[in-house]
2 protein chains.
Amino acid sequence: MQTLQAQVGSAPHAVGDQTGKSVELAPGVALAGFTMRFERNEEIFAEEEEADFVYKVVSGAVRDVRILSDGRRQIGAFHLVGDVFGLECGETHLYSAEAVVDCEIALVRRSALDKAADQDGAAARKLWDLTSRDLLRLQDHMLLLGRKSALERVASFLIRMSTRGAAGEAVDLPMSRSDIADYLGLTIETVSRTFTQLERDRAISMPSSRHIVLHNRLAMADS
Amino acid sequence: MQTLQAQVGSAPHAVGDQTGKSVELAPGVALAGFTMRFERNEEIFAEEEEADFVYKVVSGAVRDVRILSDGRRQIGAFHLVGDVFGLECGETHLYSAEAVVDCEIALVRRSALDKAADQDGAAARKLWDLTSRDLLRLQDHMLLLGRKSALERVASFLIRMSTRGAAGEAVDLPMSRSDIADYLGLTIETVSRTFTQLERDRAISMPSSRHIVLHNRLAMADS
DNA sequence: CGTCCCCTTGAGTTATTTCAACACTCGTGG
DNA sequence: CCACGAGTGTTGAAATAACTCAAGGGGACG
């Protein structure tokens, strides 16, 4: 397993200058960092690995992954352009992160972050706030996984994605059906069938499998 | 809906002195607070309510609850003696909390906490750490809800409960089957049947429905 | 043109839910 | 002291949502 530490050391992916580039982690919290490229399905960091960096998506998309010993997989979150991820309070990462598509990722050293938090109470508060926001999102997702039907899960997912992209109705999904299934706690077949059903019911249009247009009646399928 | 604010104002439940009692929220973080009693199924705070207090279980047990508009319920966590809950970074609570059984709860004013965090960087860090620990627990739970079978869910639940109580093998469950079902994303019937199955398979003994003794083969049902 | 990967669709299976009935415990009041 | 009722837990039988297995379609790329 290739560690990020090793990657940064030999810097096979590093682009841009490694010194001065400023990365804004939260409004008012900008720190020196650098950017790296990761290609589709490449691991950005692994579970149990030392959390020496904090990350922000510059382009592309990232998934948080947890795996059971027998291979069952659960995706905890997708991170899109502008999202910060991999911020841990403890020493190690609690899950692994992988590039959904080719990505450009900004990195900030954890040590720089700790220093900023120690000096500035407001900055410390904003870091806490980032973690707190993750917690909120996870609680919504827990409700989805514990209590919603396949139809509701897919509809919720599409609506959630649409509120994050630029346009109101057109959504493009960088991730595969397999990623969506592991995010929603379903199988790829169920996800595929549900997309088809939503299209038959005129709740969405699917120009292609990665491009979805939401119609207003989709909200009825959500809860 | 009776708000906590109102309760504290008229103090129908307040016991002990409301001034000097020290509550330890985390190792090294102790603040002045007071205690209140809540009876079984009483609401401690509600979703959307102002988060003016932080809470710690002195005796009894508490559940975090989220409800869908049609009544489907998901319990996000159980808090046992010693656990801190209701700590929000933002202004309002993201879920409601209810007493599973008659409870004694210690309360600390949020304002006192903020003051401590502003003055002491280490205290601020410990608050962040508390939120971070909640996040970790929730991620495990997400994997359970998304990818585990009913048998695995119940086994995981029992093992998790056993590591929190005093003794190694004997677990007592203060919560009803309905609470367990809403925590594990199952129905009460499935939970009940799974307990019966585990007992038939000699993975547990059930002297009564709230008292469970775990046998070592239970671990095999977990993942 | 062929291969690989991903997505879709169909048919049959199964885990879990739903609906229904019954058992147990524990107060309360006759 | 016993009868009653409410609340809670268990069990059975039938229904069903989602899964599994299997086959085929379509686009990207060499």
Side-chain angles (χ1 to χ4, degrees), chain A residues 39-41 63 68 70-74 100-102 144-158 172-201 204-212 221 223, chain B residues 39-42 63 68 70-74 98-102 144-155 157-158 172-201 204-212 221 223:
Chain A
E39 55 183 45
R40 202 164 90 95
N41 294 328
R63 57 176 178 255
L68 239 33
D70 64 355
R72 281 175 288 179
R73 193 175 73 141
Q74 177 68 39
V100 169
V101 293
D102 291 356
L144 179 149
L145 292 173
R147 288 296 175 219
K148 290 189 179 180
S149 70
L151 185 66
E152 290 169 331
R153 292 182 202 204
V154 172
S156 297
F157 169 69
L158 287 174
D172 70 343
L173 306 176
M175 69 291 287
S176 67
R177 293 290 185 267
S178 167
D179 284 339
I180 296 173
D182 285 342
Y183 180 60
L184 299 178
L186 301 168
T187 59
I188 54 174
E189 292 94 333
T190 299
V191 170
S192 182
R193 274 187 255 270
T194 306
F195 274 125
T196 306
Q197 185 195 336
L198 285 170
E199 190 170 36
R200 235 184 359 245
D201 298 348
I204 63 172
S205 307
M206 259 196 297
S208 82
S209 70
R210 304 279 173 111
H211 294 121
I212 316 277
S223 280
Chain B
E39 54 184 45
R40 203 163 90 94
N41 295 327
E42 191 177 349
R63 58 177 178 256
L68 238 35
D70 65 354
R72 281 175 288 179
R73 192 175 76 140
Q74 177 68 41
E98 300 165 358
V100 169
V101 293
D102 291 355
L144 179 148
L145 292 173
R147 288 294 175 222
K148 289 190 179 178
S149 69
L151 184 67
E152 290 168 330
R153 291 182 202 203
V154 172
F157 169 68
L158 288 174
D172 70 343
L173 306 176
M175 68 290 287
S176 67
R177 293 290 185 267
S178 166
D179 284 341
I180 298 173
D182 285 343
Y183 180 61
L184 298 179
L186 301 169
T187 59
I188 54 174
E189 293 94 332
T190 300
V191 170
S192 182
R193 274 186 253 269
T194 306
F195 274 124
T196 306
Q197 184 194 337
L198 285 171
E199 189 170 36
R200 241 190 347 251
D201 297 349
I204 63 172
S205 308
M206 259 197 296
S208 83
S209 70
R210 303 279 172 111
H211 295 123
I212 315 278
S223 281

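Each chain gets a letter, A, B and so on, in the order the sequences are listed, and its residues count up from 1.
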- Message: Which residues pass the side-chain contact (heavy atoms from CB on, under 4.5 Å) test with A:Arg210, not counting sequence neighbours?
- Response: A:Ser176, A:Ser208
- If every non-hydrogen atom of A:Leu184 is compared with every non-hydrogen atom of A:Arg153, which pair is closest and at what distance? O-NH1, 2.8 Å
- Item | ring-ring contact (aromatic ring centres under 6.0 Å, His included) involving B:Phe157 - partner list, sequence neighbours excluded | B:Tyr183
- For A:Ser205, what residues pass the side-chain hydrogen bond (donor to acceptor under 3.5 Å, both in side chains) criterion, not counting sequence neighbours? A:His215
Please tabulate the protein-to-nucleotide N/O contacts below 3.5 Å involving nucleotides 12-19 of chain C, giving atom names and distances.
unit_1, atom_1, unit_2, atom_2, d
C:dT16, OP1, B:Ala150, N, 2.8
C:dT17, OP2, B:Thr187, N, 3.4
C:dT17, OP2, B:Thr187, OG1, 3.2
C:dT17, OP2, B:Thr190, OG1, 2.4
C:dT18, O4, B:Arg193, NH2, 2.8
C:dC19, N4, B:Glu189, OE2, 3.1

- Sequence neighbours left out, what passes side-chain contact (heavy atoms from CB on, under 4.5 Å) with A:Ser149? Give chain and number order. A:Leu151, A:Glu152
- Taking only residues two or more places apart in sequence or in another chain, which ones pass side-chain contact (heavy atoms from CB on, under 4.5 Å) with A:Arg73? A:Arg63, A:Val65, A:Ile67, A:Ile75, A:Glu98, A:Ser178, A:Asp179, A:Asp182
- Query: Looking at NZ of B:Lys148 and CG of A:Leu68, how far apart are the two atoms once the value is rounded to the nearest 0.5 Å?
  - Reply: 5.5 Å
- Range on DNA chain D touched by chain B, heavy atoms, distance below 4.0 Å: D:dT8 to D:dA13
- Task: Check side-chain contact (heavy atoms from CB on, under 4.5 Å) between A:Thr190 and all other residues, then give those that pass, not counting sequence neighbours.
- Result: A:Ala150, A:Leu186, A:Thr187, A:Thr194
- Message: I need the single residue from B:Glu199, B:Arg193, B:Arg200 that forms a side chain to side chain contact (heavy atoms under 4.5 Å, CB included) with B:Thr196. Which is it?
- Response: B:Arg200
Dump every N/O contact between nucleotides 3-6 of chain C and the protein below 3.5 Å, one line per pair.
none

- Do the non-hydrogen side-chain atoms of A:Leu158 and A:Leu198 ever get within less than 4.5 Å of each other? yes
